[in-house]
Amino acid sequence: MASEQDFSTSFIPALYKPASLLPIARHKASLLYLVETYPVTIVVGQTGSGKTTQLPQYLHQAGWCEDGKLIAVTQPRRVAATTVATRVAEEMRCKVGEAVGYSIRFEDLTSAETRVKFLTDGMLLREALVDPLLSRYSVIMVDEAHERSLSTDVLLGILKKIIKKRPELRIIVSSATLQAEEFLKFFAGDEYQPDAEPADLGGKVGRIISLEGRMYPVDTLFLEAPAEDYVERAVKTVFDIHNQEEEGDILVFLTGREEIDRTIQLVSERAASLHPKTPSLLPLPLYAGLTTDQQMYVFEPTPQNTRKVIVSTNIAEASVTIDGIVYVIDCGFAKLRAYDPSTGIETLTAVPISKASATQRAGRAGRTRPGKCFRLYTQTTHEQLPEATVPEIQRSNIAPIVMQLKALGIDNIVRFDFLTSPPAELVIRAFELLFSLGAVDDYAKLTKPLGTRMAELAVEPMMAKVLLAAPMFKCLSEILTIAAMVSLQGTVWVQDHDNKKAAESHRRKFAVEEGDHLTYLNVYQAFVTKGKKDSKWCRDHLLNYRALLRAVSIRGQLKRYLERFGIQVEETLSSRQETVDPTRQAQQIQRCLTTGYFAHAAKMQPDGTFKTVSGGLTLHAHPSSLMFVSIMSTFPSSLNTGLLTLLRIGKQIG
DNA sequence: GAGCACTGC
């Protein structure tokens with residue numbers, strides 16, 4: 001019924017309308033005063049408030065870089081760190097790498113001159129390994145803290161410890177409105193005065209300041225009755241907007257590739273029957289799995305007499321900003337990582353978004369002029385949504401975090417002051433895994449040298465163990481390659497929807513019967529020898545050129561870590577290879593992999609499913625795996641890297 | 001026959 005109604009009657013307007021606002025400049029004096037006076041300043045500012053680009057410049061001008069100190073600005077994403085640095089360098093009339101620089105994994109554009117440094121929060125945590133008090137910095141600004149990424153949360157915990165020892169350090173946390181008090185409460189601790197006036201909540205520790213964003217008002221509309229099929233409903237809404245609303249591009253939020261492809265197809269089909277005189281529709285997909293080239297279409301200016309319809313995942317909510325969007329259609333769901341501590345399996349599940357997410361999505365409509373947001377759910381449903389998304393640290397495998405904290409000298413994880421503590425089961429499970437890998441002892445202390453070395457390697461604990469075990473199996477060169485390829489997380493091959501058969505046959509060329517890991521090894525060896533790191537060769541074989549170049553970098557970095565530990569890496573790629581029996585070598589590699597991934601070992605069943613060796617849990621291979629046979633339900637993606645080459649070994653055990 | 005949101009050292 002609802003789907004047959006005209007949208008002007010089935011959508012009802014929201015009660016709340018955000019006001020349009022002013023720039024940051026008029027807050028310059030108060031911002032500087034707060035930073036001068038309090039150790040912690042929480043800056044609340046929407047997109048377009050200029051906090052990321054202007055605030056570091058104000059601090060620089062105000063003398064926070066005297067005595068050779070630096071200002072750090074952390075970002076959760078690499079691209080943000082580079083683009084913001086470029087922008088600020090322009091405004092400060094210098095080149096990137098001079099007064100303004102950035103530092104991300106594999107790219108360090110800073111020099112002795114650099115005073116304002118943009119970096120990923122993961123990178124600043126790395127720096128803390130060498131300089132535990134982060135003493136080079138006078139001010140550290142943690143940007144986009146409201147996203148609550150794993151690294152941001154760990155960093156905030158570390159910073160709280162550091163300010164106790166460095167009272168002169170200044171911390172700025174940029175947050176969304178909703179979480180500002182939570183951040184302040186965290187840093188203020190006992191100083192926090194819940195009964196005080198809002199301006200005095202933080203005692204002597206900190207203050208909150210709100211900046212207005214340069215945002216246009218967005219009219220939000222809800223469905224009167226729930227939609228049965230939100231994909232169908234999204235398509236209908238696209239056409240309703242196209243027929244009834246003024247010009248302006250449309251951004252549709254859905255959860256994943258399958259829905260997006262279906263929507264693109266439906267819009268294309270129905271667009272064919274539009275009246276020849278009406279403007280045409282240009283539907284474009286946007287998700288992380290697309291190559292950069294494919295993603296670029298989204299940023300191209302809209303052609304004359306055309307309306308762009310960008311159908312996107314969550315990627316457009318925080319990571320990517322597209323100009324010219326006037327209409328947003330929000331399905332109200334997103335795929336989020338979930339971790340089941342009882343099985344140790346990480347999955348991706350579509351769940352209802354939070355109110356904060358919904359607001360963020362709506363805001364995407366108001367960047368260029370007043371816009372409209374069509375929510376494909378009722379206002380009642382919206383009221384029942386959680387205020388904020390559960391932070392990652394409460395729904396992930398935290399074994400890597402435990403290792404990282406221990407490497408930073410924080411031994412008592414349970415007593416560590418997290419902004420939000422991970423649930424006890426996650427902590428227990430993490431210690432169980434680390435103990436079984438030999439990384440921690442009976443007293444939960446890092447073992448030496450195994451545990452301390454594992455903590456330093458930039459790979460997850462299971463793979464770290466495999467790397468450190470490799471010399472014993474005489475396959476370190478190969479394992480280095482496999483670890484680097486696994487780090488690419490399934491981006492080795494480029495997607496080709498139009499020709500799945502061809503894509504499959506290309507993949508089979510590199511396939512070996514030992515499984516996915518050895519197939520990766522094959523691909524890498526072909527890339528660096530036959531492929532000669534050539535982009536055309538990659539295109540011909542449907543391989544992701546950029547991903548493989550990245551594998552080369554990661555491999556190099558891991559190798560340097562190992563050499564720093566005094567482990568020699570004997571490269572087997574060229575000369576020695578001939579003298580080793582390949583079958584025997586493959587077996588050594590598989591044995592080595594089981595030293596880290598035994599918890600994911602499973603035995604293949606006659607029907608093509610798998611039973612885990614430890615729990616007898618039935619699983620299906622992921623379709624991207626060579627071990628994929630015939631499948632009814634999906635396979636948790638985290639296992640496709642860990643489990644699959646081990647299946648044969650699982651069989652041998654059983 | 002069927003699939004993977006996003007980020008990071």
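Naming: A, B, ... by sequence-line order, numbering from 1 per chain. Predicted, not measured: the structure shown is a model, and the values here were computed from it.
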Practice task
Applying side chain to side chain contact (heavy atoms under 4.5 Å, CB included), name anything that partners A:Ser174, two or more places apart in sequence or on another chain.
Solution key: A:Lys51, A:Met141, A:Asp143
Problem - Between A:Tyr561 and A:Glu456: side-chain donor-acceptor atoms closer than 3.5 Å - result: no
Completion exercise
With sequence neighbours left out, the residues meeting side chain to side chain contact (heavy atoms under 4.5 Å, CB included) with A:Lys335 are A:Thr255, A:Ala350
Exercise for the section: Give a yes/no answer on whether the side chain of A:Thr313 brings an N or O atom under 4.0 Å of OP1 or OP2 in B:dC6. Expected result: yes
Practice task
Let me know the distance between CG of A:Asp261 and P of B:dA5, rounded to the nearest Å.
Solution key: 10 Å
Practice task
Look at the side-chain N and O atoms of A:Thr120 and state whether any lies under 4.0 Å from the OP1 or OP2 oxygen of B:dC9.
Solution key: yes
Exercise for the section: Compute both the distance and the angle, then confirm whether A:Arg361 meets the cation-pi test with A:Phe253: under 6.0 Å from the six-membered ring centre, within 45 degrees of the axis. Expected result: yes
Practice task
Identify, with sequence neighbours excluded, every residue that meets ring-ring contact (aromatic ring centres under 6.0 Å, His included) alongside A:His382.
Solution key: A:Phe222
Practice task
For A:Arg337 and B:dA5, give me the distance from atom CZ to atom P, rounded to whole Å.
Solution key: 14 Å
Completion exercise
When rounded to whole Å, the CG to C1' distance for the pair A:Asp108 and B:dC9 reads 14 Å
Practice task
Write down the distance between CZ (A:Arg257) and P (B:dA5), rounded to a whole number of angstrom.
Solution key: 6 Å
Handout entry: Nearest-angstrom distance from the residue atom CG of A:Leu124 to P of B:dT7
Key = 20 Å
Practice task
May I ask you to say what A:Ile104 touches in the nucleic acid, namely base, sugar-phosphate or nothing, with a heavy-atom cut-off under 4.0 Å?
Solution key: sugar-phosphate
Problem - Within residues 74-84 of chain A: residues closer than 4.0 Å to DNA chain B (heavy atoms) - result: A:Pro76, A:Arg77, A:Arg78
Handout entry: Distance, rounded to the nearest Å, where A:Asp121 contributes CG and B:dT7 contributes C1'
Key = 9 Å
Fill in the blank from the handout: Nearest-nucleotide check on DNA chain B, A:Lys335 vs A:Tyr561; residue mapping nearer the 5' end is A:Lys335
Handout entry: Upstream residue (5' side of DNA chain B) when A:Arg395 and A:Val459 are each assigned their closest nucleotide
Key = A:Arg395
Handout entry: Length of the CZ-P vector between A:Arg148 and B:dA5, whole Å
Key = 25 Å
Completion exercise
The nucleotide from B:dC6, B:dC9, B:dA5 with an atom nearest the side chain of A:Ser319 is B:dC6
Exercise for the section: Among residues two or more places apart or on two chains, list those pairs meeting salt bridge (charged side-chain N to carboxylate O under 4.0 Å, His left out) that have a residue in residues 126-135 of chain A. Expected result: A:Lys117-A:Glu127
Exercise for the section: Using the salt bridge (charged side-chain N to carboxylate O under 4.0 Å, His left out) rule, collect all pairs that involve residues 146-162 of chain A, keeping only residues at least two apart or in two chains. Expected result: A:Arg77-A:Glu147, A:Arg148-A:Asp153, A:Arg148-A:Glu182, A:Lys160-A:Asp417
Fill in the blank from the handout: Against the side chain of A:Arg105, the closest entry in B:dC4, B:dC9, B:dT7 is B:dC9
Practice task
Let me know the distance between NZ of A:Lys559 and P of B:dC9, rounded to the nearest Å.
Solution key: 22 Å
